[in-house]
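Note that the structure is predicted; figures quoted are calculated from it, not measured. Below, each value reflects all heavy atoms present in this structure, side chains not excepted, and no hydrogens, waters or symmetry copies. Chain identifiers are assigned alphabetically (A, B, ...) following the order of the sequence lines, protein sequences preceding nucleic acid strands; residue numbering begins at 1 within each chain.
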There are 2 protein chains.
Amino acid sequence: MRSKPATIKDIARKLNLSVSTVSRGLHDHPSIGLTTRQKIKATAAELHYEPNQTAIFLQKGTTQTIGVIVPELSEAFFSTAVSAIEEIANKRNYTVLLAQSHDDEHLEKHLVEKMKNHRVDGLLVSVGKNTSSYEHFEKLKQYDIPLVFFDRIPIMPNIHYVGCNMETGTIEALNYLLKKGHRSIGLINGPSTLLASSERKEGYIKALTKNRLKFDPSLVVSCDLTEDGTQKALQELLANKRKPTAVVTFNDYVALYAIKYARELSLCINKDIEFVSYANLPLANYMQYAPVASVEQFPFLQGHKAADILLDLLSQKMRNQNQQTAYYKIIIESQLIERAGTNDQD
Amino acid sequence: MRSKPATIKDIARKLNLSVSTVSRGLHDHPSIGLTTRQKIKATAAELHYEPNQTAIFLQKGTTQTIGVIVPELSEAFFSTAVSAIEEIANKRNYTVLLAQSHDDEHLEKHLVEKMKNHRVDGLLVSVGKNTSSYEHFEKLKQYDIPLVFFDRIPIMPNIHYVGCNMETGTIEALNYLLKKGHRSIGLINGPSTLLASSERKEGYIKALTKNRLKFDPSLVVSCDLTEDGTQKALQELLANKRKPTAVVTFNDYVALYAIKYARELSLCINKDIEFVSYANLPLANYMQYAPVASVEQFPFLQGHKAADILLDLLSQKMRNQNQQTAYYKIIIESQLIERAGTNDQD
DNA sequence: TTAAATTACGCAAACGTTTGCGCGAGGCAT
DNA sequence: ATGCCTCGCGCAAACGTTTGCGTAATTTAA
């Protein structure tokens, strides 16, 4: 058992043919005679020959790889989106080079650099929540590497992205809570660097305006999406003169942290205070006290669309259609999901 | 702004030097004069030159990449292990090519093939729960690609692996439940293709034997780790003449499904029936009814160790130490974690 | 002054594949 | 018999980098 895999040269040597004949024979090129092709194939099988992708990539100037950077793979949202991306990529014979930034801007920059060095053909990114500068993304344009953002989108000009309409989702959430009788509704928002945060706030304001209610800025609080940050945010809301009877949280994890803390303060969940979240993760099905509703953001669809767009950009590039100045800005409508049989305290 | 990145050839042409001089200059080779080196570096910066990793990989016959295949990234256990692997890999300047098999044997085979075609230097695998044949792993030996299993380990000869001692963890779990007064304890086990399943069963039997209790095979039930399979398994246990008052579940997800179903059957959790699980995931902190204890399996440590072993094998290989016949079989001791203040029904 | 040693570069091959172009042999038409 | 066409192969370059070995010029020592 030889230590090195067989190459075309080995087959050529064994059959006393040239390397180019063997390469063509393996690819069923019509200029190679049938018997010669058959001999080549048989010898390839015998030597367990497998093409070396690195050599092919060098020769073709493409790596047939797309890079994907997400903040945290353990978040079902991101791993769902990634599963969708993998599905599309597999269908189009692309490899996915996956990395997680752990919401660390420095690591995110390093990962973008590494993706560039690996000459990924294109890149899909969900930005880290703490990322506040985007030169590392700008630099990719110099290398002509197509880039599509999804879910968490930076506030940058001239970009492709797939996102969810958080504004309308927020409006639905507010309408739902207002219909339930709530008049003082808090919002635990995310970092202001995220478009998603400003969208949520916009939706919140629009919903109040539409219902002829006054917007009280002190009921909208930012947090860093950590458990500690969430506690502080809830504390701030509960200390408000207009103590909220309902809170919309940035996502299910924030809801989970907020609910846990509310219980520690001896609040009766779904009586003293109700929660609505974003993401509608399966996690909530098993939570002790789940939010009464959640805004579905269709991560699988977002991942799917982002991958589609990227591969479309790649195929345009291959066809040398550099006249692309239009930017994809896909917004998927969100959907408020009311939880059936929200847990009451027994 | 040129569409293609600059290469060493461009620098060479611009400075009227040879390609080899430029390559050596970029690497501070002592045979290149200082002024020449400085000129080369300045021109490289000016042209935004960045080395092409594909070319380097071809020339060096290594990809500086390790492949990692796990069943499901959304499981915190696997994503934690992957974070540990990434940490080690980054330190040693390796890229991680990550893929998820979704417990699908066919997809797992395809991913192994793709990893091989990409000439990953080594591979880390946590086997899919439904994988029942392992030729796809055997074939890697032909290509001299080092392979280390972690967490879910196939029953195969001559392999490297890092696992957790499920036997002693199971014994601790049984001891804990026996000490609490339970005498009829069920076990919802996993697929029999997994070593982890037989280890759990062995631990279960040994614990009973050590406590001079009879082993009743009908109290050990296999399931496929799905929600549906878990329901059936619990049903079977509850229909037992010796209806268990405690159940040890294969992992936290199985516990979650089992508890949900038990509640549907109007059983009082932690009164009529208690659960102990494996994995000790953070998820359980937010569960409505969490298992009273869980066996910690240290996924970060497992990932860390698996990556260490693989990189050690790779560096032995680079030093041409083919005399390796010893196989790494690392077992990390598990640890039963009793949950503080297990939820009582209020 | 001459020979030997050292310095600073360049040539060419290699890694493994693809592919444009060319050539020799055989077949067919005139 | 000769010229043209087609078939079936091979040569060589290329992709972008690294590196073994060689050479010319300069410096140093005898």
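- Contacts of H29(A) with the nucleic acid, taken as non-hydrogen atoms under 4.0 Å apart, are absent.
- Following rounding to the nearest Å, R37(B) (CZ) and dT7(C) (C1') show an atom-to-atom distance of 12 Å.
- Residue contacts for Q53(B): at a heavy-atom cut-off of 4.0 Å it reaches no nucleic acid atom on any strand shown.
- I56(B) comes within 4.0 angstrom of the backbone, heavy atoms only, and of no base.
- At a cut-off of 3.5 Å, with distance as the only test, a side-chain donor of Y328(B) or D312(B) sits close to an acceptor on the other residue.
- Within the structure, salt bridge (charged side-chain N to carboxylate O under 4.0 Å, His left out) pairs that include any residue of residues 82-96 of chain B do not occur (at least two apart or interchain).
- Remark: aromatic rings of F149(B) and F137(B) are close, center separation under 6.0 Å.
- Centroid-to-centroid, the aromatic rings of H118(B) and F57(B) stay 6.0 Å apart or farther.
- The main-chain N or O of Y94(A) is never found under 3.5 Å from a side-chain atom of Q64(A) such that the two would form a donor-acceptor pair.
- Among the atoms of the strands shown, only primed sugar atoms or phosphate atoms (P, OP1, OP2) are found under 4.0 Å from some heavy atom of G33(A).
- Residue T54(A) is out of contact with every strand shown, counting any heavy-atom pair closer than 4.0 Å.
- Nucleotides of DNA chain D with any atom under 4.0 Å from a heavy atom of chain A span, from 5' to 3', dG8(D) to dG16(D).
- Between H160(A) and F150(A), the ring center distance fails the sub-6.0 Å criterion.
- Residue order along DNA chain C, read from the 5' end via each residue's closest nucleotide, puts R24(B) first among R24(B) and A55(B).
- Atom P of nucleotide dC9(C) and atom CG of L34(B) are separated by 10 Å, given to the nearest angstrom.
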